[in-house]
Protein chains: 2
Amino acid sequence: MNFMSDADSAGEPTGSSTAAELAYVEKFAVLLEHMGLVRMHGRVLALLLVCEPPEQSAPDICAALQASKGSINPALRTLTAAALVEKVAKPGHRRDYYRIKSDAWTQIMRTRASRFTPVIEAADEGIATLADSPPGRLDRLREMRDFYRWFDQELPQLIERWEQWQTQNRANE
Amino acid sequence: MNFMSDADSAGEPTGSSTAAELAYVEKFAVLLEHMGLVRMHGRVLALLLVCEPPEQSAPDICAALQASKGSINPALRTLTAAALVEKVAKPGHRRDYYRIKSDAWTQIMRTRASRFTPVIEAADEGIATLADSPPGRLDRLREMRDFYRWFDQELPQLIERWEQWQTQNRANE
DNA sequence: CAGGATGTTCAGTCGATAATGAACTTTATG
DNA sequence: CATAAAGTTCATTATCGACTGAACATCCTG
């Protein structure tokens, strides 16, 4: 609650803490944008990462980010569809609340990896088409395909290793 | 040589093979664009992936992609700086030739991983700033930071494993 | 040394994309 | 049942970045 500008006071936010936090959210959003998320998705995710409490309603987010419903709503829809954010119901109050999922970051990684699949397929196609070409030409395609194929296979195992290590450590806590 | 339109013949390319190959390059370029490369970089890299011979001059590439020098030149500069493409000298003919590097794909992976470093740093900063906050709030930041920190550490080892496996298999060939 | 081709740089144009804000639908609550 | 808040959708606007094409610099070749 303390995040939003319910107090429509000055142009400059009143609480110093709030101002600093918003600047931090903005900074983080830029980093997420550089990681491939679209701008508004980065902003929302950054906010949900540091907000208190963790659950925020769409109007809350609109107010905090000073953005319109028309931009927040599709962003929340996409983030939810991508399994980075989840809808949670709160007993008493408004309708929909959103919260960042704890496995959002591994999920982003998995999604990024899935982008390689079409590349592998396209390479296979090219290799088939150019079957009767100079060997060097095919080698370039094969080299690429083999790497991504291998990576596509290894990454899930890597993430799984993280999750196991993670749960073990949480148990020790 | 067979790729470029030295013969400024018809609007539709003459050789059916060439037309198909250019279409393939364009398709591949889209995939690379989806993987995060800017459009023209994707096009150039896709061309260099399948062209014959592997070395192409800047004018060759301009002709093949039907793009201007002003766009190809910076693209080649960036791709070279990113170590995805290398300049090679050819004894007799023109000045600069470009060739895709064999480790381009692992290099892309490494570069992408390096984008996580600022995120880790920003998370550290946030954790320090919010030191006296509800524990759940810090947990969200810590969870993310720990994952990326761990991933940043594991990825180079993963790639190294690939390179070893690669060279071993090449020896067996 | 001169001509021509290659490489480099940059301002202007164009297209794409995301955010807005209003119109509309749905759902709680008094 | 009525009212108001929340959610959804969409046409319009604004902003950003890439591509062009021309002007300039540099380097081979005859």
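So you know, we letter chains A, B, ... as the sequences are listed, proteins then strands, and number each from 1.
A straight line from CZ of B/R39 to P of C/dC14 spans 17 Å, rounded to a whole angstrom. Note: CD (B/Q56) to P (C/dG7) measures 13 Å, nearest angstrom. In this entry the distance linking NZ of A/K87 with P of C/dT27 reads 11 Å, nearest Å. In this entry the distance linking CD1 of A/I61 with P of D/dT8 reads 12 Å, nearest Å. Computed from coordinates, the A/L32 CG to C/dA18 P distance equals 16 Å when rounded to whole Å. The CG-P distance, from A/D96 to C/dA28, rounds to 9 Å in whole Å. Atom CZ of A/R77 and atom C1' of C/dA18 are 17 Å apart (whole Å). Between B/H41 atom NE2 and D/dC19 atom C1' the separation is 12 Å, expressed in whole Å.
Annotation for A/M109 and A/L155: closest pair O-CD2, 4.0 Å, computed over non-hydrogen atoms. The two residues B/A58 and B/I72 make their nearest non-hydrogen contact at O-CG2, 4.3 Å.
No donor-acceptor pair under 3.5 Å is formed between the side chain of A/Y98 and the backbone N or O of A/I61. Judged by distance alone, with hydrogens and angles left aside, the side-chain atoms of B/D60 form a donor-acceptor pair with the main-chain N or O of B/S57 at under 3.5 Å.
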### Message
Using a 4.0 Å heavy-atom cut-off to protein, can you give one letter per nucleotide of nucleotides 20-26 of chain C, 5' to 3': B if the base is in contact, S if only the sugar-phosphate is, - if neither?
### Response
BB-----

### Message
With salt bridge (Lys or Arg N to Asp or Glu O under 4.0 Å) as the criterion, how do A/D139 and A/R142 come out once you've worked through the C-alpha distance, each side chain's angles and the decisive distance to 0.1 Å?
### Response
CA-CA 5 Å; A/D139 284 347; A/R142 259 200 285 265; 3.7 Å; yes

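For the ring pair (Phe, Tyr, Trp, His ring centres under 6.0 Å) with B/F147, the qualifying choice from A/W162, A/W165, A/W105 is A/W162, the only one to do so.
In the set C/dT9, D/dT8, D/dC19, the nucleotide with an atom closest to the side chain of A/N73 is D/dT8.
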